[in-house]
Q: 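First the structure, which I've put down as structure tokens, then a few questions once you've had a look.
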Amino acid sequence: MAQEMAGQGPFAEYLRHFDSLIGDRRTGRTFGAIVRGIINAGSLVCQQIAAHSAELSVVKEGAQRIIRFAKGKSTKRSLVDAEHLTAALCERGVAQLSESETDDLWLIADPSDLRKPYASEMPDLMQVKDLDGKLVPGYRTLNVLGVTPGRRGILYHRLFSSVAEDFDSEPLEVQRGLKEVSQAVQPLKERMAVSWIVDRGFDDVAVWRTIWEQEEHVVCRVFHTERLVEYQAADGEWEEGDLVAAQQHLRPMASAQTEIVVRRGRQPKAKRQKVTVEIRSCPLRLAYDTHVRREGDGQKVCRDIWLVEVEILRSTLKPWLLITDWPVEDAESAVRIFRMYRQRWAVEDSFKFTKGVLGWEEVQLLDLEGIRTLLALAWVAAGFLYELGVTLEWEEVRLLARLGGWAERKDNPPGKIVLTRGLRRLMDMLMTQAFLEQYRKEHGALPPRIAEWIGEPPPKDL
């Protein structure tokens with residue numbers, strides 16, 4: 001099926017996981033060609049994908065073949081839409097994560113925007129913010145990565161628009177993601193503690209409530225400092241107030257060092273450098289209704305949580321203010337929470353990598369389901385690149401890194417961009433070989449000067 005056009009090796013093995021979705025050989029070949037084309041082109045423009053695919057570059061209307069595939073017009077006997085591709089990615093991700101021997105699974109949720117500032121004819125465009133905070137046309141996505149030491153797995157992806165017919169509300173989209181991921185990782189819960197590590201957009205009691213009902217943990221950056229809680233005063237008595245008041249009762253817990261992109265002192269711009277952080281915490285009590293944003297009557301419950309403040313010394317960044325249900329009562333537990341949220345920052349690089357290196361925002365299909373399918377195909381490509389990035393002991397990976405310009409030095413592992421560059425060069429070679437072979441079949445031989453240029457004997461009749 002899909003692997004027939006992929007050759008042998010890690011890429012072919014990766015694509016085999018999607019064979020259950022493929023209903024015929026042609027669809028399988030096209031699927032593999034599109035995924036390779038996305039990686040090689042670094043774009044979701046169908047013409048670019050086709051031009052950088054060894055198979056699609058030598059057929060007529062290769063770009064139209066991709067469009068028909070994404071819109072489902074040529075895949076009636078297959079299940080290669082966004083929903084099924086994402087489910088297969090999740091299954092693959094859980095399998096990868098299950099191989100880790102750790103007792104912790106961290107779930108990183110990210111609501112990335114797909115911006116189309118110059119689009120006018122694309123369907124169901126909503127308003128999203130660009131990097132300057134201005135409203136532009138686009139779509140929203142919700143993505144979840146599972147993380148264990150040395151492994152990452154794509155567990156959820158969904159593109160949605162507030163003006164689409166199938167849209168209910170953004171909070172319901174988030175609830176859907178929380179529940180589907182929790183169900184997917186259920187087998188891992190037997191030996192792993194599951195923690196959601198989320199940013200300020202998830203500072204929502206309804207989100208935390210669902211996570212706690214699923215017997216999972218949360219580390220969330222605070223947005224609503226006006227949230228009412230109970231905090232413990234100096235005399236040990238519990239008092240009611242907002243999080244700003246609770247900050248006055250934070251106690252020093254630990255110091256830690258890390259590398260982070262930050263601007264310090266008089267530095268003109270941010271750069272990756274070592275910094276020292278100070279971590280403080282205090283216990284809180286949070287009262288909430290179990291049926292917040294649900295129909296019917298719930299009950300009032302009280303949850304013990306902790307407020308954690310992380311200050312990056314001598315930097316221009318404001319302190320991180322975090323809420324967690326993990327106890328933070330000593331230096332070890334404080335540093336653990338810091339590292340958990342620090343991991344979220346690292347994973348953000350993966351999302352930026354996917355959007356930038358694979359050209360998320362270049363998608364142009366005039367059909368919402370087609371856009372969703374093509375974006376899911378980009379995540380299929382990203383899944384392979386993520387797996388490459390955590391298996392650097394492979395000889396194949398080291399070769400790709402060198403093709404990408406990596407110089408092997410101590411404490412200098414190749415990054416995903418370097419690996420992708422090497423993979424693209426290798427795929428360029430394969431595409432060129434396929435194109436030249438097709439030309440020979442059609443014309444008998446290459447033009448004499450081209451043949452001479454690549455060291456091939458000229459045709460005998462010349």
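Owing to the predicted nature of the structure, the values given are computational and were not obtained by experimental measurement.
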Q: Grab the two heavy atoms, one from L15 and one from G32, that are nearest each other, plus how far apart they are.
A: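 Heavy atoms of L15 and G32 come nearest at CD1-CA, 3.8 Å.
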Q: Do L21 and F31 touch side chain to side chain, with heavy atoms closer than 4.5 Å?
A: no
Q: Tell me which donor-acceptor pairs under 3.5 Å the side chains of residues 227-234 have, and how far apart each pair is, sequence neighbours excluded?
A:
| from | atom 1 | to | atom 2 | distance (Å) |
| --- | --- | --- | --- | --- |
| R227 | NH2 | D203 | O | 3.4 |
| R227 | NH2 | D203 | OD1 | 2.7 |
| Q232 | NE2 | G236 | O | 3.2 |

Q: Can you see which heavy atom on T290 is nearest to which on G298, and at what distance?
A: OG1-CA, 3.4 Å
Q: Do the side chain of R191 and the main chain of S98 share a donor and acceptor less than 3.5 angstrom apart?
A: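 Yes.
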Q: If you round to the nearest 0.5 Å, how far is CD1 of I67 from CD of Q47?
A: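 CD1 of I67 is found 8.0 Å from CD of Q47.
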Q: Quick one: are V275 and T258 in side-chain contact, heavy atoms under 4.5 Å?
A: yes
Q: How many angstroms lie between CD1 in I49 and CG in L377, if you round to the nearest 0.5 Å?
A: 8.0 Å
Q: Please tell me if the side chains of Q96 and R92 come closer than 4.5 Å, counting only heavy atoms from C-beta onward.
A: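 SC-SC contact between Q96 and R92 confirmed.
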Q: Is the F167 ring parallel, tilted or perpendicular to the F160 ring (thresholds 30°, 60°)?
A: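 Ring orientation of F167 relative to F160: parallel.
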Q: Within a strict 4.5 Å, meaning less than it, do heavy atoms of the R36 and F384 side chains meet?
A: no
Q: My understanding is that only residues two or more places apart in sequence, or in another chain, count here; which of them pass salt bridge (Lys or Arg N to Asp or Glu O under 4.0 Å) with D132?
A: none
Q: Distance-only, no hydrogens or angles: does the R372 side chain make a donor-acceptor pair with backbone N or O of L159 under 3.5 Å?
A: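 Yes, R372 side chain to L159 backbone: donor-acceptor pair under 3.5 Å.
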Q: Please set out all donor-acceptor pairs under 3.5 angstrom arising from side-chain atoms of residues 301-309, sequence neighbours excluded.
A:
| from | atom 1 | to | atom 2 | distance (Å) |
| --- | --- | --- | --- | --- |
| E309 | OE1 | R280 | NE | 2.9 |
| E309 | OE1 | R280 | NH2 | 2.7 |
| E309 | OE2 | Q247 | NE2 | 3.2 |

Q: Using side chain to side chain donor-acceptor pair (under 3.5 Å) as the criterion, list what pairs up with E83, not counting sequence neighbours.
A: none
Q: Could you go step by step and tell me if K116 and L114 meet the side-chain contact (heavy atoms from CB on, under 4.5 Å) rule?
A: CA-CA 7 Å; K116 300 297 297 181; L114 192 156; 3.8 Å; yes
Q: Under the criterion side-chain contact (heavy atoms from CB on, under 4.5 Å), I'd like the reasoning laid out for E215 against V194: C-alpha separation, chi angles, the key distance, then a yes or no.
A: CA-CA 8 Å; E215 298 184 348; V194 177; over 6 Å; no
Q: Can you measure from CH2 (W379) to CG (L145) and round to the nearest 0.5 angstrom?
A: 5.5 Å
Q: Test side-chain contact (heavy atoms from CB on, under 4.5 Å) on R140 and E173; report intermediate values, then the result.
A: CA-CA 10 Å; R140 289 245 165 83; E173 290 284 354; over 6 Å; no
Q: Answer yes or no: is there a donor N or O on one side and an acceptor on the other, between the side chain of W208 and the main chain of T324, under 3.5 Å?
A: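 No, the answer is negative, given that no donor and acceptor are paired below the 3.5 Å cut-off.
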Q: Roughly how far, to the nearest 0.5 Å, is the CG atom of D289 from the CZ atom of R294?
A: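 If we round to the nearest 0.5 Å, R294:CZ and D289:CG are 10.0 Å apart.
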Q: Taking atom NZ of K189 as the centre, report whether more than 12 heavy atoms of other residues, nucleotides or ligands fall under 6.0 Å from it.
A: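 Correct, the count exceeds 12.
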Q: Apply side chain to side chain donor-acceptor pair (under 3.5 Å) to D330 and list each qualifying residue two or more places apart in sequence or on a separate chain.
A: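 Only S333 meet the side chain to side chain donor-acceptor pair (under 3.5 Å) criterion with D330.
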Q: Can you list every pair that meets salt bridge (Lys or Arg N to Asp or Glu O under 4.0 Å) and has a residue in residues 235-262, with sequence neighbours left out?
A: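 Salt bridge (Lys or Arg N to Asp or Glu O under 4.0 Å) check on residues 235-262 returns no pairs.
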Q: Go through the structure and list residues passing side-chain contact (heavy atoms from CB on, under 4.5 Å) with A206, not counting sequence neighbours.
A: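 side-chain contact (heavy atoms from CB on, under 4.5 Å) check on A206 returns Q175, D204, R209, V292, R293.
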Q: Is a side-chain donor or acceptor of S78 paired with a backbone partner of V80 at a separation under 3.5 angstrom?
A: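 No: the side chain of S78 does not pair with the backbone of V80.
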Q: Within a strict 4.5 Å, meaning less than it, do heavy atoms of the P123 and I371 side chains meet?
A: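 P123 vs I371: side chains touch.
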Q: Assess whether side-chain contact (heavy atoms from CB on, under 4.5 Å) is satisfied between L322 and R221, documenting all intermediate values.
A: CA-CA 4 Å; L322 310 173; R221 190 165 181 184; 4.0 Å; yes
Q: For A109 and V198, work out which heavy atoms get closest and say how close.
A: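 Looking at all heavy atoms of both residues, the closest pair is CB-CG1, 3.9 Å.
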Q: Once the angle between the rings of F18 and Y14 is folded into 0 to 90°, is it parallel (under 30°), tilted (30 to 60°) or perpendicular (over 60°)?
A: perpendicular
Q: Going by side chain to side chain donor-acceptor pair (under 3.5 Å), name the residues that satisfy it together with T141, two or more places apart in sequence or in a different chain.
A: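 T141 satisfies side chain to side chain donor-acceptor pair (under 3.5 Å) with N143 once adjacent residues are dropped.
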Q: Looking at residues at least two apart in the chain, or sitting in another chain, which of them share a salt bridge (Lys or Arg N to Asp or Glu O under 4.0 Å) with R336?
A: D104
Q: Under the ring pair (Phe, Tyr, Trp, His ring centres under 6.0 Å) rule, what pairs show up with a residue in residues 117-150, not counting sequence neighbours?
A: none
Q: So how far is it from L89 CG to H157 NE2, rounded to the nearest 0.5 Å?
A: 9.5 Å
Q: Is there a donor-acceptor pair under 3.5 Å between the side chain of D325 and the backbone N or O of V218?
A: yes
Q: Go through the steps for D166 and R158 under the test salt bridge (Lys or Arg N to Asp or Glu O under 4.0 Å), then give the verdict.
A: CA-CA 12 Å; D166 60 356; R158 178 168 164 79; 3.7 Å; yes
Q: Who are the side chain to side chain donor-acceptor pair (under 3.5 Å) partners of S255, not counting sequence neighbours?
A: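 Scan of S255 (side chain to side chain donor-acceptor pair (under 3.5 Å), adjacent residues dropped) gives E278.
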Q: Do S281 side-chain atoms and V328 backbone N/O form a donor-acceptor pair below 3.5 Å?
A: yes
Q: Could you tell me whether E99 atom CD has more than 12 heavy atoms of other residues or ligands within 6.0 Å of it?
A: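 Above 12, so yes.
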Q: Are there more than 12 heavy atoms of other residues, nucleotides or ligands under 6.0 Å from atom CG of D297?
A: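 Atom CG in D297 is not packed in, count stays at 12 or less.
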Q: Closer than 3.5 angstrom, by distance alone: can the side chain of S169 be matched with the main-chain N or O of L172 as a donor-acceptor pair?
A: yes
Q: Can you tell if the side chain of D110 reaches within under 4.5 Å of the side chain of R344, non-hydrogen atoms only?
A: yes
Q: Does R263 offer a backbone N or O that forms a donor-acceptor pair with the side chain of S315 under 3.5 Å?
A: no
Q: Which label fits W320 and F338: parallel for a plane angle under 30°, tilted from 30 to 60°, or perpendicular past 60°?
A: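 Parallel: the ring planes of W320 and F338 meet at under 30°.
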Q: What distance do C46 atom SG and L374 atom CG have between them, rounded to the nearest 0.5 Å?
A: 5.5 Å
Q: Within the supplied structure, the quantity of interest is the number of heavy atoms (other residues, nucleotides, ligands) at a distance under 6.0 Å from Q183 CD; does it exceed 12?
A: no
Q: Would you name the heavy atoms of V244 and Q248 that are closest together and state the gap between them?
A: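 Heavy-atom minimum between the residues: O-NE2, 3.4 Å.
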Q: Keeping the roles fixed (side chain from S161, backbone from D124), state whether a donor-acceptor pair exists under 3.5 Å.
A: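 Yes: the side chain of S161 pairs with the backbone of D124.
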Q: Determine whether L135 and K129 make a side-chain contact, defined as any pair of heavy atoms from C-beta on separated by less than 4.5 Å.
A: yes
Q: Are E362 and Q48 linked by a side-chain donor-acceptor pair shorter than 3.5 Å?
A: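 No, no side-chain donor-acceptor contact under 3.5 Å.
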Q: Which heavy atom of A254 sits nearest a heavy atom of V335, and at what distance?
A: CB-CG2, 3.7 Å
Q: Would you say H17's side chain and A88's backbone share a donor-acceptor pair under 3.5 angstrom?
A: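 It does hold such a pair.
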Q: Taking only residues at least two apart or on different chains, which pairs with a member in residues 192-201 satisfy side-chain hydrogen bond (donor to acceptor under 3.5 Å, both in side chains)?
A: S195-W326, W196-E216, D199-Y341
